[in-house]
Asks: 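Below are the structure tokens for one structure; questions will follow.
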Amino acid sequence: ERCLGTLHRDMIHRLMYRGAAYADSLQYQHCIDLWKYALELRVAKDSILYNDTSLTAQALVKLYLDLYEKFSEGILNTNVQMEDVVSTIELLVSNLPECSRLLSLAPVFELQQKAYDNVLKTITHLLYLVVCLHQGSLDNEHIHIRRRIHKVVHLIDPRTTDGDSLLHLSVMKNNTLKSPNLFDEAKLAFFPNVDVIKLLIECGARINALNTTANTPLHTASQALNYRHEIVETLLESGAHIDASNKFGHRPLTMLKLIPDCKINPLQYLTLRCLAASVVASNRLPYKRDRKSTRLNSITSRSRMPSSA
């Protein structure tokens, strides 16, 4: 480090190599410290828009998951530290708004978009670890951790290049990590995950957040591939709109009816105002717009969109 400097390419590679040697000898905390430092250098040098930064973040998260698994099985006496996990989340979102702004400028490079989206997937896996580690935490620590996550989830509100929020990603089955260059496993599948969803909602995630096609997290969770009864029920109980229409006119209400295993009773989550708005929209009845009637306005405005792509 004294000879090459902190931002030299070989410096970061040597940190990763030395950390891997520690991991092979089951000295995980030494590896975590080195790989966290390498990630800090990557973010400072290249930002999260570069593939190497994304791969470094994924390698660190997989290291956390491997250590947590070995601790849970009684192989090791040392568990992942909550502070390491949360500080990694904060590091990855530190320059996220600026990176998001850069991605909106032309020309847009697909590799940078992919690296950016992979970092957001990595953050959801870190949140999964927070849920796993939170079970034995004290009340004071519980509150402190949630305040820090609230800043990430509610104030920064990270979005993918498709506009998906962390809540969208947490209900997706294809939200997996892939890093064949550093680990033997091709991917680790933990999603859809109801515990991560509950954590996000507790920390202020926008339950009816819209992506670029006006899909809410409930739209995504209502797809047959992603459907989990307890997840859809959790979203509905938390205020998700079952009759919200996306850009193609699709509503969770009708999407859930197409799933044979779905036992959700939609009448439990429909109000008279929602039903009245649907009638107004379907019959194209004239009405006077009211700024306070946001629910009616949102349903009727989207209903005028084409019903197919």
Side-chain angles (χ1 to χ4, degrees), residues 7 9 12-13 16 35 38-63 65 88-128 152-153 156-192 196 200 205-206 209-217 219-221 223 225-226 246-248 250 305-306 308-309:
L7 300 183
R9 180 182 61 183
I12 298 176
H13 286 316
M16 297 298 292
W35 283 12
L39 181 60
E40 291 173 9
L41 297 180
R42 286 283 188 202
V43 171
K45 177 177 179 288
D46 298 324
S47 83
I48 62 174
L49 297 180
Y50 285 79
N51 189 53
D52 286 345
T53 306
S54 172
L55 291 177
T56 303
Q58 290 184 32
L60 181 58
V61 172
K62 287 193 172 186
L63 181 68
L65 292 168
T88 304
I89 296 175
E90 293 172 335
L91 172 63
L92 291 175
V93 302
S94 58
N95 67 345
L96 193 143
E98 175 63 16
C99 292
S100 179
R101 185 190 68 82
L102 292 175
L103 285 176
S104 65
L105 303 176
V108 177
F109 297 98
E110 184 178 352
L111 288 178
Q112 291 185 343
Q113 289 181 323
K114 184 177 179 181
Y116 179 88
D117 290 344
N118 284 338
V119 166
L120 264 65
K121 289 184 178 182
T122 301
I123 292 174
T124 60
H125 286 72
L126 288 166
L127 291 172
Y128 168 77
V152 174
V153 173
I156 298 178
D157 190 21
R159 301 296 183 98
T160 67
T161 53
D162 290 328
D164 290 323
S165 66
L166 296 178
L167 198 54
H168 283 89
L169 293 175
S170 298
V171 302
M172 294 181 181
K173 186 176 181 180
N174 63 356
N175 179 13
T176 57
L177 293 181
K178 299 180 180 179
S179 184
N181 294 330
L182 295 173
F183 288 87
D184 293 331
E185 300 107 333
K187 61 183 180 180
L188 297 172
F190 301 104
F191 295 92
V196 174
L200 288 170
R206 292 167 174 80
L210 302 178
N211 63 12
T212 54
T213 56
N215 279 329
T216 65
H219 279 93
T220 306
Q223 297 174 10
L225 178 67
N226 302 323
N246 64 11
K247 285 187 176 181
F248 309 115
H250 302 151
M305 299 177 182
S308 60

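Sequence positions, counted from 1, serve as the residue numbers for this chain.
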Asks: Can you see whether N246 engages T213 through a side-chain donor-acceptor pair at a distance of less than 3.5 angstrom?
Replies: no
Asks: If you look at every heavy atom in V152 and P158, which pair is closest and at what distance?
Replies: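 Closest approach of V152 to P158, heavy atoms only: O-CD, 3.2 Å.
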Asks: Apply side-chain contact (heavy atoms from CB on, under 4.5 Å) to the pair D46 and L41, showing each step before the final yes or no.
Replies: CA-CA 8 Å; D46 298 324; L41 297 180; over 6 Å; no
Asks: I'd like to check V171 versus F191 (side-chain heavy atoms, cut-off strictly below 4.5 Å). Are they in contact?
Replies: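 Side chain of V171 against side chain of F191, heavy atoms only: no contact under 4.5 Å found.
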Asks: Say whether S165 and H168, considering side chains only, have a donor N or O and an acceptor N or O under 3.5 Å apart.
Replies: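 The criterion, which ignores hydrogens and geometry beyond distance, is satisfied for H168 and S165.
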Asks: How long is the straight-line distance from OG1 of T160 back to OH of Y116, given to the nearest 0.5 Å?
Replies: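 The OH atom of Y116 sits 8.0 Å away from the OG1 atom of T160.
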Asks: Would you say the side chain of L92 lies within less than 4.5 Å of the side chain of T122, judging by non-hydrogen atoms?
Replies: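 Of all side-chain heavy-atom pairs linking L92 with T122, at least one is under 4.5 Å.
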Asks: Any non-hydrogen side-chain atom of K247 less than 4.5 Å from a side-chain atom of N215?
Replies: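 K247 does not reach N215 side chain to side chain.
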Asks: May I have the step-by-step check of side chain to side chain donor-acceptor pair (under 3.5 Å) for N226 and T220, ending in yes or no?
Replies: CA-CA 7 Å; N226 302 323; T220 306; 5.7 Å; no
Asks: Are D157 and R206 ion-paired here, with the side-chain N under 4.0 Å from a carboxylate O?
Replies: yes
Asks: Would you check if L65 and F190 make a side-chain contact, meaning some heavy-atom pair closer than 4.5 Å?
Replies: yes
Asks: Should V119 and T53 count as side-chain neighbours, where that means a heavy-atom distance under 4.5 Å?
Replies: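 Answer no - side chains too far apart.
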Asks: Mind checking the CE-CG spacing from M16 to D52? Nearest 0.5 Å is all I need.
Replies: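 So the CE of M16 and the CG of D52 are separated by 9.5 Å.
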Asks: H13 and R42: which non-hydrogen atoms are nearest, and at how many Å?
Replies: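 Reported closest heavy-atom pair: CE1-NH2, 3.7 Å.
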Asks: Search all heavy atoms of N174 against all heavy atoms of K121 and return the closest pair with its distance.
Replies: O-NZ, 3.8 Å
Asks: Let me see the working for Q58 and V61 under side-chain contact (heavy atoms from CB on, under 4.5 Å), right down to the final yes or no.
Replies: CA-CA 5 Å; Q58 290 184 32; V61 172; 5.7 Å; no
Asks: If you measure from CD on E40 to NZ on K45, what distance do you get to the nearest 0.5 Å?
Replies: 15.5 Å
Asks: Quick one: does L111's side chain get under 4.5 Å of N51's, heavy atoms only?
Replies: no
Asks: A side-chain contact here means heavy atoms from C-beta on lying under 4.5 Å apart; do V43 and S94 qualify?
Replies: yes
Asks: State, with a plain yes or no, whether a side-chain heavy atom of V196 is found less than 4.5 Å away from one of L166.
Replies: no
Asks: At their closest point, which heavy atom of A209 faces which heavy atom of P217, and how far apart are they?
Replies: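 Between these two residues, the closest heavy atoms are O-CD, 3.3 Å.
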Asks: With rounding to the nearest 0.5 angstrom, report the CG to OG1 distance, L167 to T124.
Replies: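 Those atoms lie 11.0 Å apart.
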Asks: Begin with the C-alpha distance, continue with both residues' side-chain angles, and end with the deciding distance and a verdict on side chain to side chain donor-acceptor pair (under 3.5 Å) for N211 and D164.
Replies: CA-CA 5 Å; N211 63 12; D164 290 323; 2.9 Å; yes
Asks: Can S170 and L200 be said to form a side-chain contact (heavy atoms from CB on, under 4.5 Å), step by step?
Replies: CA-CA 9 Å; S170 298; L200 288 170; 3.3 Å; yes
Asks: I need the L169 CG to R159 CZ distance, nearest 0.5 Å.
Replies: 10.0 Å
Asks: Measuring from atom CH2 of W35 to atom OG1 of T56, what distance do you get when rounded to the nearest 0.5 angstrom?
Replies: 9.0 Å
